[in-house]
Amino acid sequence: MIKKIKLELLTSIKSKRLNVFLLFLFSAFIILIFTKLSKEYTNTVTFNIKKINVPQDKVILNDSTHKLAITLKTHGFKWLKYYLGNPTISIDFSKEVYKKQNTFIYTKSVSYLNETKPFKNEVKLLNISPDTLVFKYDTNLVKKVPVALEPIFLLRQVLIL
């Protein structure tokens, strides 16, 4: 019984009609994908934040919740890199952020001025949400502590070798 079903499957796969049908089905699917991805779409993508040029004497506190929802308008092929990858946007603390009391503040207006930096000309930036990010920071203290090796420790190391 099983051999008979297996034999019928093999003969149907070898059939030219089935192969031609599968070829046309596959080419129709490829054409469908290309027509869908060639259209222009508007959508919002959540970007993780990569902080660069943070002053060495400062430490950013509680920054795990900072993400930007950015609304973009572009062709479907460009959307693939945002959906397949993990999109990140870099915030340069030396240029795009200003300091106010114990916080660094990043505003949407600075992003619009630097619009072409993270996105190419084919991608149009429509909106950034939230419009302001607040990064709380604290001073990073470095203290040099002298380390003295005890002679007994050194003697033990020599005996082990």
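All residue numbers refer to positions in the sequence shown, counting from 1.
Both F77 and L84 belong to a common hydrophobic cluster when Ile, Leu, Val, Met, Phe, Trp and Tyr are linked at side-chain heavy-atom distances under 4.5 angstrom. Note: the hydrophobic cluster containing I33 does not contain L22 (ILVMFWY, side chain heavy atoms under 4.5 Å, direct or indirect links). Clustering ILVMFWY residues whenever any of their side-chain heavy atoms sit less than 4.5 angstrom apart, transitively, puts L125 in the very cluster that holds Y41. Residues L80 and F29 share a single hydrophobic cluster, defined by chaining ILVMFWY side chains whose heavy atoms lie under 4.5 Å apart.
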Evaluation steps, side-chain contact (heavy atoms from CB on, under 4.5 Å), between W79 and V45: CA-CA 10 Å; W79 281 113; V45 180; 3.2 Å; yes

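The distance from the OG atom of S90 to the CD1 atom of I49 is 10.0 Å, given to the nearest 0.5 Å. Separating the NZ atom in K124 from the OG1 atom in T42 is a distance of 9.0 Å, to the nearest 0.5 Å. Taken to the nearest 0.5 Å, the CZ atom of F47 stands 10.0 Å off from the CG atom of N86. We find the OG1-NZ distance between T74 and K81 to be 8.5 Å, quoted to the nearest 0.5 Å. Here the straight-line distance linking atom CD1 of I31 with atom CZ of F24 works out to 10.0 Å at 0.5 Å rounding.
For the pair F104 and L133, the minimum side-chain heavy-atom distance is 4.5 Å or more. At least one side-chain heavy atom of K73 sits under 4.5 Å from a side-chain heavy atom of E40. With a 4.5 Å cut-off on side-chain heavy atoms, I89 and I70 count as touching. With a 4.5 Å cut-off on side-chain heavy atoms, K67 and N48 count as touching. In this structure, the side chains of T46 and L68 stay at 4.5 Å or more apart for every pair of heavy atoms. Side-chain contact between V97 and I105: absent, with no pair of heavy atoms (C-beta onward) separated by less than 4.5 Å.
In this structure, Y137 and Q101 approach most closely via the heavy-atom pair OH-O, 3.1 Å. The two residues G85 and P87 make their nearest non-hydrogen contact at O-CD, 3.3 Å.
No donor-acceptor contact under 3.5 angstrom links the side chains of K136 and N102, judged on distance only. Checked by atom type, the side-chain pair T71/T44 shows a donor-acceptor distance below 3.5 Å. N43 and Y83 share a donor-acceptor pair across their side chains, judged by distance under 3.5 Å alone.
Taking the ring centroids of F135 and F93, they lie under the 6.0 Å cut-off.
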